[in-house]
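Predicted model, so just to flag it, every value in this text is computed and none were measured. Residue numbers start from 1 in every chain, and the chains themselves are labelled A, B, ... in the order their sequence lines are given, proteins ahead of strands. Computed from heavy atoms alone, side chains included, the values below leave out hydrogens, waters and symmetry copies.
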There are 2 protein chains.
Amino acid sequence: MEVGKSVPRVDAYNKVTGRALFIEDYMPAGALVARVLHSEVAHGIVKSVEVSGALSIPGVLRIFTCFDVPEKAHATGAGVWDPGHMPVADRRLLNTKVRFVGDDVAAVVAQDEISAARGIRAIKVTYEELPAVFTTDEAMAPGAPVIHDERPDNIVDHTAMGFGDYDDAVLSGGLTFYEGSYKMPGALHGHIETASAGAYMENGRVVVITGNQTIFSLQRIIADVLGLPWSMVRVVKPYVGGSFGNRQDALYEPLAAYLTTQMGGRPVWVKITQEETMRCTRSRHDIRIDLKSGFDADGRLMTSSIDAYSNQGGYASQGHNIVSNAAGVIKQLYPPARGYKIEAWTIYTNRIVAGALRGYGCAQGIFSAECFMDDIARARGEDPCGFRLKNIAPRDFKDPKAGEIFRSSELAACIENGKDLIGWDKKRAGYASQSGPIRRGVGMAVCCYKSSAFPVMPETSIARVVLGQDGMITLFFGAIESGQGTETVLTQMAADAIGVPVTMMRLGGVQDTDTHPYDNGSFGSRQTYTSGSAVKQAGLLLREKILDRAGTIDGGQGAAGITGGVIVDGAGKRLLDIADIARSSLFSYGGREQLVAEATFCAGNNPYSTAACFAEIEVDIPLGKIRIIDIVNIHDSGVIINPKTAESQVRGGMGMSIGSALMEQLIFDEKGALRNNNMLDYKIPTAMDLPDMRVEFADSYEPTGPYGNKSLGEPPALIPVAAIRNALLHATGVAVNDLPLSPERLVERFRDAGLYDSRGTDPIDRGVSACSI
Amino acid sequence: MEVGKSVPRVDAYNKVTGRALFIEDYMPAGALVARVLHSEVAHGIVKSVEVSGALSIPGVLRIFTCFDVPEKAHATGAGVWDPGHMPVADRRLLNTKVRFVGDDVAAVVAQDEISAARGIRAIKVTYEELPAVFTTDEAMAPGAPVIHDERPDNIVDHTAMGFGDYDDAVLSGGLTFYEGSYKMPGALHGHIETASAGAYMENGRVVVITGNQTIFSLQRIIADVLGLPWSMVRVVKPYVGGSFGNRQDALYEPLAAYLTTQMGGRPVWVKITQEETMRCTRSRHDIRIDLKSGFDADGRLMTSSIDAYSNQGGYASQGHNIVSNAAGVIKQLYPPARGYKIEAWTIYTNRIVAGALRGYGCAQGIFSAECFMDDIARARGEDPCGFRLKNIAPRDFKDPKAGEIFRSSELAACIENGKDLIGWDKKRAGYASQSGPIRRGVGMAVCCYKSSAFPVMPETSIARVVLGQDGMITLFFGAIESGQGTETVLTQMAADAIGVPVTMMRLGGVQDTDTHPYDNGSFGSRQTYTSGSAVKQAGLLLREKILDRAGTIDGGQGAAGITGGVIVDGAGKRLLDIADIARSSLFSYGGREQLVAEATFCAGNNPYSTAACFAEIEVDIPLGKIRIIDIVNIHDSGVIINPKTAESQVRGGMGMSIGSALMEQLIFDEKGALRNNNMLDYKIPTAMDLPDMRVEFADSYEPTGPYGNKSLGEPPALIPVAAIRNALLHATGVAVNDLPLSPERLVERFRDAGLYDSRGTDPIDRGVSACSI
């Protein structure tokens, strides 16, 4: 069994020794360098772009302005081809109307980076400035400036949906209602590799080198921008230095592709700095969710009303899907017995563009839900764990509308386990009545998360395994290794299915639309589930072909299985090596055939993973500072394919969520420019900032998963933030409904809550005030 | 029908516009440059290599000498894996014993080419010189210096084979015997691209970029040199600027691979100049063939004795196969009725190494056979055409020993056609008795050539076709485009089999051992036959899959065929586009599956192509100069897949053969160094040197070929040289049995033949002397 083992990542050695190749390593020698000039106004019309000074700089070859590029607008969000649900096409390669500070206005192509940078500085742009709006409230106000003419009300999209007898339940009385409003603000992905992209023409076709997560979708987007058949574009994806959803959009790939076509096919490297990556690409949606729920006398959830307002920034990106996910996950985690209604709004503003970021809206939805549930439990005087256990979707929950089934939910077990691990009951009681400047609290949060995008889109993954000349087996998949370990777990699965050790597996080079089979890509925590299913099927097929061939050659009669890379008979006796089969298949004088197997997996299910986080914190009330004493995530993700990489995955997600909880924030100036657009000023937690994060996995088996597994990629990032916020509530009685829980915010809230004495800093020693929601 | 049309080469536009990418275009930016230091002595022991001066040159990073590299010797010749027939492993990456002027002694790795070149110049090598031998006679003489200790007699290999009652026939009397000795000297491939190769490490594996013709074989060679499993090496082959057999050997690829492993995986570009390519890689074997044949009273060939002596140079390369081919083709073209015996010798000398060169020995064998047959016809007073028609293998000839069948031979028709085209009968008569300084003659020659290496090796070709997102079809094959047009004809075949125009086909990037299916490679004029068969099978399979799927989707019921890229019903009415099928297969909510088909062709036959060349020349006797007035090749190659590219293929071959006839020669100094090691001094014919070459194809159908086709790549280069030599014989009565027919050689022979007056330059006006053989 290669599945279930903590085999080292297949890319570990190369990554730690610096031998792994990234985008720049694939750019041919002599590549031209392009730099992009960005808008300095949040909203305006480009009146003129003066390029003559820039063109006179040695090394500057050509300048493309917003007046030069194709008129037709294009979309950037990944997806499948679905004429009924095409993403919003609202941006051009370079824009004559600019919609946020950082919008793309011109590009300089030069012999080298320095000339390109000098060229950028020498361009003079004249804008007609328009009034800008930065919040959804401003943008939805009557008479607000119009950001896109096609959406005169600034509403990208609006969903109103409901189920059951919500209105009846509300009117019929007998329920206790609670309401609250929570806001998870924008954030950055904080990946280390920049959003640079390269392109060149190869024999008349356009080749794009990028760290994109959805190469087959990107292939279509770029081809459409260039007006080419899709197959005239090839997308190649080397190793990726982080993406976290930012590269689920087309970023600078279409521009790179366009520029090479304009430069006679020469390689063009669109060099995007870290600062540009942070201020010009995508961010997490700032989403406010207003919740109102009715409970029966036993505290059982009967109705929910969920109104979500998502700040999209200047362009639609993934469009409305994210806020829909944010709102939808709440009723999935806590299905109201009698009905719900949801309204979700995605609103253009003149902020930086928002897109996918680990959780695809669920981070915001779960944050709101889990603050809300804790606030209600507190208001009702119930234990937060008990209150949740009463209201979460039960193990075999079948969504009455969507029909998805929680076939394998172990969320209740996760909660029980978390309680033990954190010492819940004792600490809840022990910290109930604290005074003084330093106080402690324990909090928790839970989540659920799907294992793909089915049935929102048809979910397809294809894998191919090829027996090579030497008996090693090469695995091809179009699924994307973006740092999360896909290559490793899919290699384990293929090895397991075939019956060989992972050391007999090779990977078919970097993912490439030309040479790799189709896959929807890396998003929705889908790959181990959907791509894994394809890999397993292909592996089993190849195993069969190897055994069939073994039966036809000398010494292979009676071949009944493959174990540890050796072909054995029914009694387990070694008959042949796989290398014998490989050589026979290619070099014998009998019939020859490359032994290859390909399998397509079409998801017909979409199981939910669940998880719980428990956190114990210490709050320094005078300093407004939170210290995490203990934190543990307990995940129900079915069978864990590789415990070591799974733990890393969880810790990475917890770190992101802790960053959201304590430090990450976007700081804009009054003109709408992102001020902390760099890794020094935008604070993501480093190893020094993070506590020892504990990780546990529930004993769980998902019957539809290839190896009993389901999603794990995104869930870890959904829960620590609310667990910490709820621990703060426990410690101080102060419910903070927005983020981050930074000292400046906490001091203000503590002051509002009357925790300080008359000087405003020393804590008043008294009982915690009641929570008002 | 896409087959049989003169569609433009699929690489035409990119090649003429300079957009086609070659090896150097694939080298990553910042690649290190290696240059190689070569031996200046023909035979010797390297006593010391002084590198300190070179190491002090700025930019020089490391120097590898023959004392640093792995001890184990390796082979360089391509082939399949066959433990019973492994090529001779007789060289190391750098050699402490040097065996020709140009042998590899050390390599300098530097930041850039100039530093590397300076480094090379600064290295001081001390040799212990050994006596050298340059001819097979010298090397076979008793007491000759030993070149390889493993072959103390300098004999790489020796074949003695026979068939039938040769000895009886000789002894029984009644036959008329003729004998002759002919020698086709060494030559260079003269390809424009050099033998440079690049390598880098990608995620722990070694990637080699090269213009090699047999990438799956090269993969094994390199891995064996490095001591790695084969699959740890990846070979990528961009477009190739000529190869002609030179790249059927591993040249500098193993060194490039080794150097990158020593430089921490950094890209290393082993830069080989044109001069080094010419003096250090491979050349055509200098082969002398001694022939003796017995004829019955009707002039029918009864017995042949064939003794061939091949000058291998310093290393074994393709080993003994080439001289075996040279000797064997003679008895195949003219099968003696009662028997034959063959002895063939491959002999190490201290000349540059010989390897494959368009014809793989058959150029030498056919030259000898066709001089011999003309000489005999002349001696017997028979017409050369009639004499050949009487003795060539008949149409349905079955080799009594090997069993190969000439199923489709139209050689007799080629001869008849050629006679008409050149005006044979009239000119043979008209030029019979000339005098004066300018004389004319017509000559002819014929050949046969196989369509693969079967049954010498198992012949395997695999093709894959993939229906992409947009309905375009990508074709993958491991067969090698090396300039000969493989990509174009295989694309035509795939398009034809599927039922789409070639414009709906794409190629799956450059040939690559990682991503492309196995194929034995480009040699033996095999690809259109073997790889074409795989392509056709794969295409038909995909067609079936497309039609099956069409039947399951709206509007596709009744799908019965694919014509011009459109799915039609039984009546030819358009039902769906292929793009509809593609989108359904990947994006519908029903079952999805990437439509892909793969097929393996295992050759079970090896049909012979045949051809005739007719040439009319004018000889300037005082100047010793030949002018070609008219020349025509008539080929029996089965159905012609692409008449335009086929004609180009033939003209290219004719040009090479005319070069061999009139100008190409290797000039060595007394120390064994090649003096004309550059394109200025080594004369290959340019367009200005070549006559208008006529090309005709016989109406022919090979039943075992995928589209009735058989080989065409090499045959064109086999016959003009002998046709010209025979026309010279006709014009002057002088039989020249070695090459080239250069003015200096001709003047000497004309003088020997008494064609000049006492001053030795003006021709004597008299009848032509009888030919003595």
Query raised in the report: What heavy-atom pair brings A/Cys602 and B/Gly591 nearest, and what distance separates the two atoms?
Result: SG-C, 4.3 Å
Query raised in the report: Among A/Asn14, A/Leu507, A/Val80, who wins on heavy-atom pairs under 4.5 Å with chain B?
Result: A/Asn14
Report task. Sort B/Ala603 into side chain, backbone, both or neither according to what part of it lies under 4.5 angstrom from a heavy atom of chain A. Result -> backbone
**Report entry** Per-residue contact mode, B/Asp470 against chain A (heavy atom under 4.5 angstrom)
**Finding:** both
Query raised in the report: Looking at A/Ser231, A/Gly509, A/Gly471, which makes the most heavy-atom pairs under 4.5 Å with chain B?
Result: A/Ser231
Report summary line: Ranked by heavy-atom pairs below 4.5 Å to chain A, first place among B/Tyr13, B/Phe601, B/Tyr239 goes to B/Tyr239
Report task. Taking the side chain as every heavy atom from C-beta outward, state whether B/Phe476 and A/Thr515 have any atom pair closer than 4.5 Å. Result -> yes
Requested in this report: Heavy atoms only: give me the nearest A/Pro458-B/Phe587 pair and the separation to one decimal.
Outcome: CG-O, 3.1 Å
Query raised in the report: What are the two closest heavy atoms between A/Met201 and B/Leu21, and how far apart are they?
Result: O-CD1, 3.8 Å
Requested in this report: Show your working on side chain to side chain contact (heavy atoms under 4.5 Å, CB included) between A/Met232 and B/Arg506 and close with a plain yes or no.
Outcome: CA-CA 8 Å; A/Met232 290 303 281; B/Arg506 307 272 181 261; 3.4 Å; yes
Report summary line: Nearest heavy-atom contact between B/Tyr518 and A/Gln469 is CE1-OE1, 3.6 Å
Query raised in the report: For B/Glu459, does its backbone N or O pair with a side-chain atom of A/Arg592 as donor and acceptor, under 3.5 Å?
Result: yes
Query raised in the report: For B/Thr513, is it the side chain, the backbone, both or neither that has a heavy atom under 4.5 Å from a heavy atom of chain A?
Result: neither
Report summary line: Rounded to the nearest 0.5 Å, the CG atom of A/Asn203 sits from the NZ atom of B/Lys15 at a distance of 8.5 Å
**Report entry** chain A contact residues among residues 214-228 of chain B, heavy-atom distance under 4.5 Å
**Finding:** B/Phe216, B/Gln219, B/Arg220
Requested in this report: Give the C-alpha distance, both sets of side-chain angles, the deciding distance and a yes or no for side chain to side chain contact (heavy atoms under 4.5 Å, CB included) between A/Arg583 and B/Trp81.
Outcome: CA-CA 8 Å; A/Arg583 289 165 181 171; B/Trp81 178 82; 3.4 Å; yes
Query - Under 4.5 Å from a heavy atom of chain A, the part of B/Arg266 involved - result: neither
**Report entry** Least distance between heavy atoms, A/Asp25 atom then B/Pro28 atom
**Finding:** O-CB, 3.4 Å
Report task. Decide yes or no for A/Leu586 and B/Ile462: does some side-chain heavy atom of the first lie under 4.5 Å from some side-chain heavy atom of the second? Result -> yes
Report task. Side chain from CB out, backbone as N, CA, C, O: work out which of these in B/Ala31 comes under 4.5 Å of a heavy atom of chain A, or both, or neither. Result -> neither
Report task. Flag the one option from A/Gly204, A/Ala599, A/Gly265, A/Gly468 with the top tally of heavy-atom pairs under 4.5 Å to chain B. Result -> A/Gly204
Query raised in the report: Which of the residues A/Phe454, A/Tyr26, A/Trp230 is involved in the greatest number of heavy-atom pairs with chain B at under 4.5 angstrom?
Result: A/Trp230
Query raised in the report: For A/Val596 and B/Glu598, which heavy atoms make the closest approach, and how far apart are they?
Result: CG1-OE2, 3.0 Å
